[in-house]
Each structure stands twice: as structure tokens, then as C-alpha cells.
Amino acid sequence: MSPAEEEKSLPLPQRWPRASKFALSACAAAVAELVTFPLDLTKTRLQIQGEAAVRRDGAAAGQAAPYRGMLRTAAGIVQEEGLGKLWQGATPAIYRHIVYSGVRMVAYEHLRDSVLCRAEDKTFPLWKAVVGGMSAGAIGQFFASPTDLVKVQMQMEGKRKLEGKPLRFRGVHHAFLKILSEGGIRGLWAGWVPNVQRAALVNMGDLTTYDTVKHFLLLNTPLVDNSVTHSVSRGLLYKSSMDCLIQTVQGEGFMSLYKGFIPTWMRMAPWSLVFWLTYEQIRRICGVSSF
């Protein structure tokens with residue numbers, strides 16, 4: 001058998017390992033996103049309502065904005081807009097995670113195995129895991145920034161409808177085209193700097209922790225590579241991120257910086273759990289080695 005024929009006979013994950021891992025991580029991220037998306041929408045509504053009040057009525061209104069809390073905000077969305085609106089903007093969110101999670105997972109494995117060079121016994125120093133996690137998160141978020149922008153814009157369409165304002169977008173593709181026509185290519189990357197900074201820190205916690213804890217457990221405890229181990233590891237309103245910080249504090253007070261903290265925190269844990277469990281099982285089913 002010739003080398004070309006031998007290569008064609010190999011399973012798809014072995015012929016195109018990076019493309020396969022990208023697709024598998026995108027599938028796992030889509031599942032996790034659908035399960036936890038209502039919390040993301042709630043977080044966005046909490047974060048935006050004070051800003052909207054400031055723009056409408058001035059700084060005093062921002063100080064007195066009636067923040068209803070996570071549960072009351074979610075209940076209000078269901079009562080006022082319908083249960084299905086808890087998934088308003090889910091499509092661009094899934095698009096975002098197809099790009100973001102696909103790129104960050106492939107980038108981290110490449111950095112870990114080929115650039116930073118994990119040892120043959122699977123040990124990987126913590127400092128290398130931190131560098132790899134932060135780099136992979138930043139790269140993934142940069143590529144996903146346009147979809148992140150559209151996701152947030154689409155989430156706010158229900159709010160605009162309740163306020164009697166005309167809807168800006170007919171759908172996800174219309175939103176992409178409108179942002180592109182109004183701001184050009186650069187408009188699709190509005191706000192990418194703070195998003196990349198945040199993604200680097202988030203993945204320092206997510207990728208670094210999961211990879212380090214998982215392989216520590218496998219090397220130093222009787223645990224095997226299964227679900228138990230996987231669960232245990234587990235518009236241009238501002239000129240810049242600093243301008244956003246200053247305007248938010250001036251208009252709504254310092255504590256407004258933490259609006260949406262509870263739903264963000266509550267969402268990250270189940271999102272990561274669903275993602276890693278799904279990702280590891282999909283890899284195993286498809287014949288790809290464990291992460």
C-alpha cells in the first residue's frame with residue numbers, strides 16, 4: 001500500500017487531528033452554551049439596565065436604577081417577553097463558541113505539546129500551563145470578537161422592544177452586515193482589547209486549572225481517566241476600556257462594576273462542567289486521545 005493510500009485509510013481524527021479537535025470542542029461548547037445561556041442573558045440585562053437609565057435620564061437615574069437581581073430579572077424576562085426569550089441571542093452565542101472554544105482548545109494543545117513541550121510522563125509545569133492557557137484564551141477571543149459583539153447586540157433586542165424602540169436587526173446575519181456597513185472591519189472588533197484581556201485571565205483559571213488538576217490526579221491518585229476525574233478537575237459607546245470604566249463609575253457608582261457578578265459566577269461553574277464532560281466523552285467516542 002502506498003503512503004497516500006495508507007493515509008486515506010486512517011480514521012478522520014488521525015488524518016486531520018487539529019480540524020477534528022476543533023470540531024469536537026465546538027460541539028461540546030455548543031451544548032454547554034445552550035444549557036447555561038439563560039444565565040448569560042440575565043447577566044447582560046443586569047449589566048445594561050443601569051447604563052440605559054443613565055443615557056435616558058442622566059447620572060441621577062443611574063444611581064437609582066431598580067436592579068431587580070438575577071432571579072427577578074429572569075422571571076421578568078419570562079413574564080414580559082416569554083420563556084423563549086431566555087435564549088434571545090443564543091445563535092450568535094453558539095457561533096461565538098464555535099470559534100472561541102475551537103481555537104482556544106486547539107491552540108492550547110498545540111502550545112502544550114509542541115511549543116512548551118510537555119514531558120513524556122505527561123507532567124507539565126504550572127508556569128507553562130499558565131502561559132499556554134492565557135495565550136490560548138487571548139488568541140481564541142481575538143478571532144471570536146465579532147461574534148461576541150453580535151451576541152450582545154442581539155441579546156438587547158428584547159429590551160429595545162419593551163422600551164418602544166424599533167428593532168435594529170432582523171437576525172444574526174443582518175446584524176453582522178449592519179455592523180460591518182456602519183463601522184467597517186474595525187467595527188466588528190469594537191471592544192476587543194478588554195475582551196481579550198478577560199479571556200486570557202478566564203483561561204488561566206479554566207484551561208490551566210483543568211489540565212493541571214486532571215493530570216496531577218491521574219499521576220498521583222488511584223483515579224483513572226473517566227467522568228469522575230473530569231468532574232473533579234473541572235455600538236461605540238466608549239472610546240476604550242478605561243473610558244468605559246470611568247463613565248460607568250461616574251454614572252452608576254463603583255459597585256455597578258460588579259453588576260451581574262452572581263449570574264456570571266453561577267454560569268461559569270456549570271458551563272465548564274458541561275463543556276469538559278461533553279468534550280472528553282466526544283473525544284473518546286470519536287477515537288481521539290483524552291485531553
Side-chain angles (χ1 to χ4, degrees), residues 10-14 16-37 39-40 97-98 100-141 198-234 262-291:
L10 292 173
L12 191 62
Q14 294 182 30
W16 296 306
R18 290 179 185 170
S20 299
K21 290 174 181 177
F22 180 96
L24 295 178
S25 61
C27 290
V31 173
E33 192 66 23
L34 284 171
V35 171
T36 62
F37 187 80
L39 285 172
D40 190 39
H97 268 288
I98 288 175
Y100 171 65
S101 292
V103 171
R104 75 178 179 121
M105 300 304 293
V106 172
Y108 182 81
E109 283 199 78
H110 177 70
L111 290 169
R112 182 187 67 185
D113 299 336
S114 301
V115 178
L116 298 172
C117 299
R118 181 170 63 174
E120 292 184 4
D121 63 355
K122 304 297 183 182
T123 56
F124 195 51
L126 180 60
W127 72 267
K128 288 187 176 182
V130 169
V131 171
M134 293 185 71
S135 300
I139 294 168
Q141 180 57 47
R198 177 183 178 276
L201 295 176
V202 167
N203 282 275
M204 181 178 68
D206 185 23
L207 282 171
T208 300
T209 300
Y210 182 83
D211 192 32
T212 302
V213 172
K214 175 188 169 181
H215 288 96
F216 175 84
L217 293 173
L218 293 177
L219 292 171
N220 296 281
T221 73
L223 292 174
V224 296
D225 194 356
N226 58 22
S227 297
V228 174
T229 305
H230 303 158
S231 299
V232 173
S233 309
R234 157 186 106 35
I262 291 177
T264 298
W265 175 77
M266 290 185 68
R267 180 176 186 255
M268 288 183 70
W271 195 100
S272 293
L273 181 62
V274 173
F275 172 78
W276 285 112
L277 286 174
T278 305
Y279 186 45
E280 292 279 23
Q281 293 306 311
I282 290 178
R283 287 175 69 116
R284 181 168 297 172
I285 290 170
C286 294
V288 179
S289 60
S290 176
F291 184 82

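Position 1 is the first residue of the sequence; numbering continues from there.
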> Say you draw a straight line from CZ of F291 to CG of L207; how long is it, rounded to the nearest 0.5 Å?
Replying inline: 5.5 Å
>> Using the side chain to side chain donor-acceptor pair (under 3.5 Å) criterion, which residues pair with S289? Sequence neighbours excluded.
In response: none
> Do you know which two heavy atoms are closest between A28 and I282, and how far apart they sit?
Replying inline: N-CD1, 4.2 Å
>> Is the ring pair W271/F275 parallel, tilted or perpendicular, if the boundaries are 30 and 60 degrees?
In response: parallel
>> Can you classify the ring geometry of W276 versus Y210 as parallel (below 30°), tilted (30 to 60°) or perpendicular (above 60°)?
In response: parallel
Name the atoms and distances for all side-chain donor-acceptor pairs under 3.5 Å in residues 128-138, with sequence neighbours left out.
{"unit_1": "K128", "atom_1": "NZ", "unit_2": "L116", "atom_2": "O", "d": "2.8"}
{"unit_1": "S135", "atom_1": "OG", "unit_2": "V131", "atom_2": "O", "d": "2.8"}

> At what distance, to the nearest 0.5 angstrom, does CD1 of I98 lie from OG of S25?
Replying inline: 10.0 Å
> How long is the span from the OG atom in S101 to the CG atom in L24, to the nearest 0.5 Å?
Replying inline: 12.5 Å
>> Going by the rule side chain to side chain donor-acceptor pair (under 3.5 Å), which residues pair with D225 if we only count those two or more places apart in sequence or in a different chain?
In response: H230, S290
> With sequence neighbours left out, what residues match N226 under side-chain contact (heavy atoms from CB on, under 4.5 Å)?
Replying inline: V224, V228, T229
> Does R18 have any side chain to side chain donor-acceptor pair (under 3.5 Å) partners at least two apart in sequence or in another chain, and if so, which?
Replying inline: H110
> How far apart are the closest heavy atoms of S231 and L277, and which atoms are they?
Replying inline: OG-CD2, 3.4 Å
> Which is it for R104 and D206 under the side-chain contact (heavy atoms from CB on, under 4.5 Å) test, yes or no, and what are the steps along the way?
Replying inline: CA-CA 11 Å; R104 75 178 179 121; D206 185 23; 3.1 Å; yes
>> Do D211 and Y108 pair up side chain to side chain, a donor and an acceptor below 3.5 Å, judged on atom types alone?
In response: yes
>> Applying side-chain contact (heavy atoms from CB on, under 4.5 Å) to L218 and K214, what does each step give before you reach the verdict?
In response: CA-CA 6 Å; L218 293 177; K214 175 188 169 181; 3.9 Å; yes
> What pairs with R283 under side chain to side chain donor-acceptor pair (under 3.5 Å), at least two apart in sequence or on another chain?
Replying inline: E109, Y279
> Going through the checks in order, is the side-chain contact (heavy atoms from CB on, under 4.5 Å) test met by M204 and L201?
Replying inline: CA-CA 5 Å; M204 181 178 68; L201 295 176; 4.2 Å; yes
> With sequence neighbours left out, what residues match F124 under ring pair (Phe, Tyr, Trp, His ring centres under 6.0 Å)?
Replying inline: none
> CE of M105 to CZ of F22: how many Å apart, nearest 0.5 Å?
Replying inline: 12.0 Å
